[in-house]
Enquirer: 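Submitted below is the structure of interest, expressed as structure tokens.
Proteins get letters first, then strands, A, B, ... in listed order; numbering begins at 1 in each. Values below: every heavy atom of this structure, side chains too, minus hydrogens, waters and symmetry copies.
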Amino acid sequence: MAERADNGQSPLPDVAVEIAGLHKWYGEFHVLRDINLKVARGERIVICGPSGGGKSTLLRCINRLEDWQRGTIVVDGVELTDDPKHIVAVRRDVGMVFQQFNLFPHLTVLENCTLAPIWVRHMPKKDAEALAMNYLARVRIPDQANKYPARLSGGQQQRVAIARALCMNPNIMLFDEPTSALDPEMVKEVLDTMVELAADGITMLVVSHEMGFARQVADRVILMDEGQVIEINAPKGFFEAPQHERTRSFLKQILH
Amino acid sequence: MSAISDQAYLRVLPAQKLPPPAERTGIFNWLRENLLSSPTNIVLTFLCILLFAWAVPPLIRFFLIDAVWSGTDRDACLASPAQMHPGACWAFVRVWVSYFVYGFYPLAERWRVDLFFVALTLGIVWLARLSTPRRDLGALYFFVGLPILSFILLHGAPLIGLPVVPTSLWGGILVTVVVATIGMVFSLPLGILLALGRNSEMPVMKLAAVGFIEFVRGVPLITVLFMASVMLPLFVPEQFAPDKLVRALIGVALFASAYMAEVVRGGLAAVPRGQYEAARALGLTYWRMMGLVILPQALRVTLPNIVNTFIGLFKDTTLVFVVGVFDFLRTVEAARADPKWTTPNTTVTGYAFAALFYFVCCYGMSRYARSVEAHLTRAGRR
């Protein structure tokens with residue numbers, strides 16, 4: 001889409017994220033074991049699996065909220081190393097939505113959305129506010145712009161968090177269990193927002209147990225367990241003819 | 001009866017909203033519930049009233065009713081046929097009050113001190129009132145303009161016709177206010193840096209911050225002041241050795257910053273990890289993350305403790321007398337020894353005046369902190 005321009009850089013590579021031979025240990029605990037994954041531009045990927053399986057950790061490696069001991073991750077052509085310049089470049093380009101929303105409670109909804117455009121992109125305040133109002137309108141809460149996050153419902157807060165990430169015009173969006181902390185009646189409004197976003201063609205990696213969402217939106221579904229990628233499959237195959245025994249037992253547990 | 005109502009209770013009409021029962025309102029019910037709710041409560045209430053009745057009237061009589069308000073020397077405050085039991089000798093305070101405020105600051109130059117007090121008050125009100133406009137300019141004024149202005153005013157600038165007044169002539173409330181203000185203005189940013197250093201992942205920074213904090217906290221302020229005043233000149237050439245007052249200022253500021261660092265660290269610990277992650281995920285650099293996201297929340301949470309440290313600092317300024325700086329309490333000490341005013345009540349009155357001054361200042365700070373806290377809670381920002 002037009003407003004998600006590539007920030008004046010050279011045309012984006014066709015591979016949005018490339019993860020090769022990734023290993024990570026927490027002390028003795030081998031949390032990610034030999035992860036290899038190529039995400040094409042515009043692809044929507046849903047990662048599921050039992051808790052403690054390394055899904056969130058993998059997602060958080062992609063914008064280097066976690067570091068790792070072995071392997072490489074290349075995001076939009078930039079290899080993530082210890083170099084802070086590379087890290088900041090990737091983080092500008094990758095939006096993230098958290099399970100616990102993590103809105104800044106001391107700032108209004110609007111200020112939450114304009115903070116990074118102003119301070120990271122050095123955008124004039126007026127432009128940043130116009131941009132923020134545009135995205136707040138798209139997640140359908142423009143009228144809450146001057147409230148503080150604590151005054152909003154969980155679903156509204158998560159939609160603000162999505163708008164906040166979009167305000168940086170990211171090419172890739174990461175969703176870390178975006179609906180797990182929500183009351184049941186608010187899950188749908190957040191999922192609807194994400195479905196609309198997917199229709200825009202942005203590259204998405206979503207850690208979620210919302211299997212309906214995965215069926216509807218995902219290009220590929222991944223099952224992770226014990227730090228490994230067990231199965232990668234198109235949704236139809238994943239849900240109707242899973243290849244791996246572990247996938248079958250997992251699906252049986254969550255689709256009752 | 002329909003089939004449904006056989007199976008389950010269904011409300012057909014909406015339940016009415018009712019006012020609360022009468023016994024929950026009114027002054028007598030308040031008294032009964034809060035003061036006389038149980039035998040223990042009744043006994044305690046009674047004892048407190050007794051204590052109050054025993055302690056307060058004599059104090060009022062001594063400090064207000066029997067007090068001597070005017071006079072030119074001790075005779076006014078001594079027992080006489082007209083006044084068999086004279087109370088507090090406020091006449092003494094009235095005669096000495098300009099010394100309490102200015103110390104030995106030359107009479108002809110005291111307008112400069114007055115102007116300094118006005119400038120300081122303006123800065124404090126500008127910053128402290130949440131509703132005043134352009135508080136960013138206020139901060140610039142307070143942290144940049146005011147120090148320069150104060151230095152020119154108090155110390156003097158011969159170039160523009162203000163003769164230099166050496167700090168040995170400064171004294172009283174002037175010195176107390178200068179030491180306290182500089183201590184506060186420097187200890188907060190220094191304390192923040194120390195707290196960030198202590199939380200740093202860089203081992204050298206961490207070690208330096210922890211070393212400084214633990215060392216200063218492990219040493220009494222008097223020792224820090226002595227070290228600042230005795231040891232500092234050993235390390236710098238004599239002509240660069242800072243002024244006595246400056247040494248005391250450095251000592252107080254460093255001492256307070258170590259405590260401030262621990263207070264701020266507590267605030268930092270109260271900010272959830274998710275806030276750091278969200279800020280970093282947006283691409284904010286370390287200093288922007290701290291300045292825009294983490295510290296505003298940390299300082300808000302810890303505001304009562306910051307003010308508590310300020311109050312402690314304010315009272316600690318009384319210790320600068322050990323290095324020969326004449327603060328407010330020291331001027332009271334000196335004045336009460338005046339033979340012209342030796343009466344049985346002079347000392348008590350002098351100290352009561354000092355206590356009143358410190359109490360008003362500290363209570364003011366405490367009330368201010370409470371009102372800001374209440375404001376922030378109301379705004380729902382926390």
Enquirer: Nearest 0.5 Å, please: how far is CE in A/M96 from CD in B/E277?
Expert: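 B/E277 CD to A/M96 CE: 7.5 Å, rounded to 0.5 Å.
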Enquirer: Pairs of donor and acceptor atoms involving the side chains of residues 125-132 of chain A, under 3.5 Å and at least two apart or interchain, shall be tabulated with distances.
Expert:
none

Enquirer: Give, as side chain, backbone, both or neither, the part of B/R280 having an atom under 4.5 angstrom from any heavy atom of chain A.
Expert: both
Enquirer: What heavy-atom pair brings A/N63 and B/A281 nearest, and what distance separates the two atoms?
Expert: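 What the structure gives for the nearest pair is ND2-CB, 3.7 Å.
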Enquirer: For B/F117, I'd like to know if atom CZ has over 12 heavy atoms of other residues, nucleotides or ligands within 6.0 Å.
Expert: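 Yes, CZ of B/F117 has more than 12 neighbouring heavy atoms, counting only those of other groups under 6.0 Å.
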Enquirer: Check A/F98 against B/A278 and note the closest heavy-atom contact, atom names and distance.
Expert: CE1-CA, 3.6 Å
Enquirer: Of the backbone (N, CA, C, O) and the side chain (C-beta and beyond), which part of A/L103 lies under 4.5 Å from a heavy atom of chain B, both, or neither?
Expert: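 Just the backbone, heavy atoms under 4.5 Å.
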Enquirer: Supply the atom-to-atom distance B/R288 CZ to A/I118 CD1, rounded to the nearest 0.5 angstrom.
Expert: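 Interatomic distance, B/R288 CZ to A/I118 CD1, rounded to 0.5 Å: 11.5 Å.
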Enquirer: With a 4.5 angstrom heavy-atom cut-off, could you sort out which part of A/V90 is near chain B: side chain, backbone, both or neither?
Expert: neither
Enquirer: Only pairs at least two apart or in different chains count here, so list each ring-ring contact (aromatic ring centres under 6.0 Å, His included) that has a residue in residues 260-293 of chain B.
Expert: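 Pairs touching residues 260-293 of chain B that pass the test: none.
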Enquirer: Around B/Y363, counting heavy atoms of other residues, nucleotides and ligands shown, do more than 12 lie under 6.0 Å from its OH?
Expert: no
Enquirer: Could you report the tightest heavy-atom contact between B/G283 and A/R91, atom names first, then the distance?
Expert: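 B/G283 and A/R91 have their closest heavy atoms at CA-CB, 3.9 Å.
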Enquirer: Kindly give the heavy-atom pair with the smallest separation between B/L282 and A/V120, and that separation in Å.
Expert: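 Nearest pair, atom of B/L282 first, then A/V120: O-CG2, 3.8 Å.
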Enquirer: With chain B as the partner, which of A/R64, A/Q99, A/R60, A/K147 has the greatest number of non-hydrogen pairs under 4.5 Å?
Expert: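 Highest number of pairs under 4.5 Å: A/R60.
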Enquirer: State whether the number of non-hydrogen atoms from other residues, nucleotides or ligands found under 6.0 Å of B/Y368 atom OH is greater than 12.
Expert: yes
Enquirer: What do you reckon, is CH2 of A/W119 surrounded by more than 12 foreign heavy atoms closer than 6.0 Å?
Expert: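 At most 12 heavy atoms, drawn from other residues, nucleotides or ligands, come within 6.0 Å of this atom.
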